[in-house]
Amino acid sequence: MSAITFPEGFIWGTATAAYQIEGATRADGRGVSIWDTFSHTPGKVQDGHTGDVACDHYHRYAQDVALMADLGIRTYRFSVSWPRVQPDGHGAVNPAGLGFYDRLVDTLLDAGIDPMVTLYHWDLPQALEDQGGWPSRDTAYRFADYAQLVYERLGDRVTTWTTHNEPWCAAFLGYASGIHAPGRTEPGAAFAAVHHLLLGHGLAVQALREAGAQRLSIVLNPAAVAGTGPGSEAGVRLMDGLQNRIFLDPLLRGEYPEDVLEVIRRFSDLSYLQEGDLEIISRPLDLLGINYYSPSLVGPGTGPGSRSHPGTEGIELLPPQGPVTAMGWQIEPAALTALLKRIATDYPGVPLMITENGAAFNDVRTGDRVHDADRIAYLEGHIRAAHQAITEGVDLRGYLVWSLLDNFEWAEGYHKRFGLIRVEYDTQERILKDSALWYREVIKRNGLV
Ligand code: IFM
């Protein structure tokens with residue numbers, strides 16, 4: 001393996017999300033989110049795990065920031081919990097809730113770490129879901145109001161703002177297959193949710209830009225979709241439409257692709273799409289975040305498609321071909337290079353950042369060590385793939401590992417460990433895994449030896 005060095009100023013960091021690490025779900029006036037409701041509903045999350053305590057980051061953030069500083073992490077991407085800031089999703093701020101993020105940002109800056117804020121990582125206030133959730137247009141306006149409140153408080157210190165994390169998951173896992181909160185299985189509503197997530201993004205971008213925000217972004221999880229034989233092209237195009245172009249085209253071209261609209265019309269009359277919406281949605285962005293873990297494979301035959309992709313009935317989705325992580329996700333770094341190149345080519349002009357990449361493995365603790373060679377190999381392969389994309393001309397600005405800490409992996413509960421740092425959930429002890437020590441060297445050298 002050859003040594004590689006990244007461009008000067010390349011950003012190295014880690015990412016987390018509020019509901020996955022904070023715990024303290026009833027502290028200081030926090031309201032109820034859809035994930036509180038969902039995780040407390042029997043049968044929704046493996047073994048009934050909830051985010052009630054998680055990594056107790058709400059109380060231990062100073063220790064976690066110190067660990068990041070020790071690893072040399074330059075950027076920390078975290079999300080703000082909407083129901084901590086506005087318990088019912090509208091109206092006055094809950095000062096104690098917003099105060100937590102104030103302290104977190106100051107602690108990060110004191111440690112020399114750049115805070116990168118995600119405004120929505122799936123924890124919608126339950127009160128807004130009770131009024132219709134993301135399929136309701138009003139939620140987009142509530143989101144923009146909330147974004148402004150957070151910006152007013154943190155905007156003097158936070159330069160990079162992300163509206164949504166993986167709106168595909170929020171819409172389709174939440175409202176089509178229902179494997180995520182709020183657990184609804186209404187494909188038409190899922191497409192309305194897509195549109196209102198995008199509209200909320202555009203309204204927030206507009207408001208934050210006017211308020212003086214420096215760097216505005218959204219984070220997507222585009223599918224690195226490939227076909228495996230003659231006849232698979234139509235399936236590839238459909239999957240690409242329903243996970244990638246359905247977001248990328250409105251955001252960066254100001255239109256929905258016609259083939260995607262055709263699929264949507266099978267589930268919805270599109271009455272939610274109003275004049276002027278696409279103009280708002282396509283306000284210029286400063287950065288596009290890409291979360292990548294694994295490729296999606298489409299076969300040449302027919303199959304049931306996927307419940308999370310309404311409209312794919314008849315498409316043959318293939319199981320992983322080759323080595324997988326503990327999530328069962330195929331390990332294929334080359335697909336990351338291809339994905340970055342494709343986005344840079346088809347949607348030029350927006351700098352990219354890998355805002356999540358990482359892997360769950362069945363880590364074993366040996367004394368005070370976790371020898372997670374499999375995670376190091378995964379990260380190394382993907383960092384090389386990212387470098388290859390830069391070599392081939394992609395304007396890639398940074399790489400953030402998912403995740404800083406082992407945490408609540410949504411419907412999988414605490415069974416899947418993605419962290420560079422192991423968390424013992426019964427004692428809240430933190431242990432740096434070998435991958436954390438290895439990543440410290442990557443950051444120090446700005447590359448791989
Ligand atoms: O844990 C999630 C995260 O919340 C969003 N992106 C994928 C990660 C791993 O599944």
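Just the heavy atoms: all of them, side chains too, but no hydrogens, waters or symmetry mates, feed the values below. Each ligand, and each atom within it, is numbered from 1 in the order the structure gives. Counting from 1, the numbers follow the sequence of the chain as shown. None of the values given here were measured: they were computed from a predicted structure.
Of the inter-residue distances, the one linking Thr355 atom OG1 with Asn291 atom CG reads 4.0 Å to the nearest 0.5 angstrom.
Checked for salt-bridge contact, Arg417 and Asp406 meet the test: a charged N lies under 4.0 Å from a carboxylate O.
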Could you go through the side-chain contact (heavy atoms from CB on, under 4.5 Å) check for Val45 and Thr50 one step at a time? CA-CA 8 Å; Val45 174; Thr50 73; over 6 Å; no
I would like to know whether Ile431 and Glu424 meet side-chain contact (heavy atoms from CB on, under 4.5 Å); could you show each step before the answer? CA-CA 8 Å; Ile431 298 164; Glu424 296 294 2; 4.1 Å; yes
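Trp402 has its ring centre no less than 6.0 Å from the ring centre of Tyr293.
Of the residues Tyr272, Tyr256, Trp134, the one that meets the side-chain hydrogen bond (donor to acceptor under 3.5 Å, both in side chains) test with His195 is Tyr256.
Closer than 4.0 angstrom to ligand 1 lie heavy atoms from Gln20, His121, Trp122, Asn165, Glu166, Tyr293, Trp329, Glu356, Trp402, Glu409, Trp410, Phe418.
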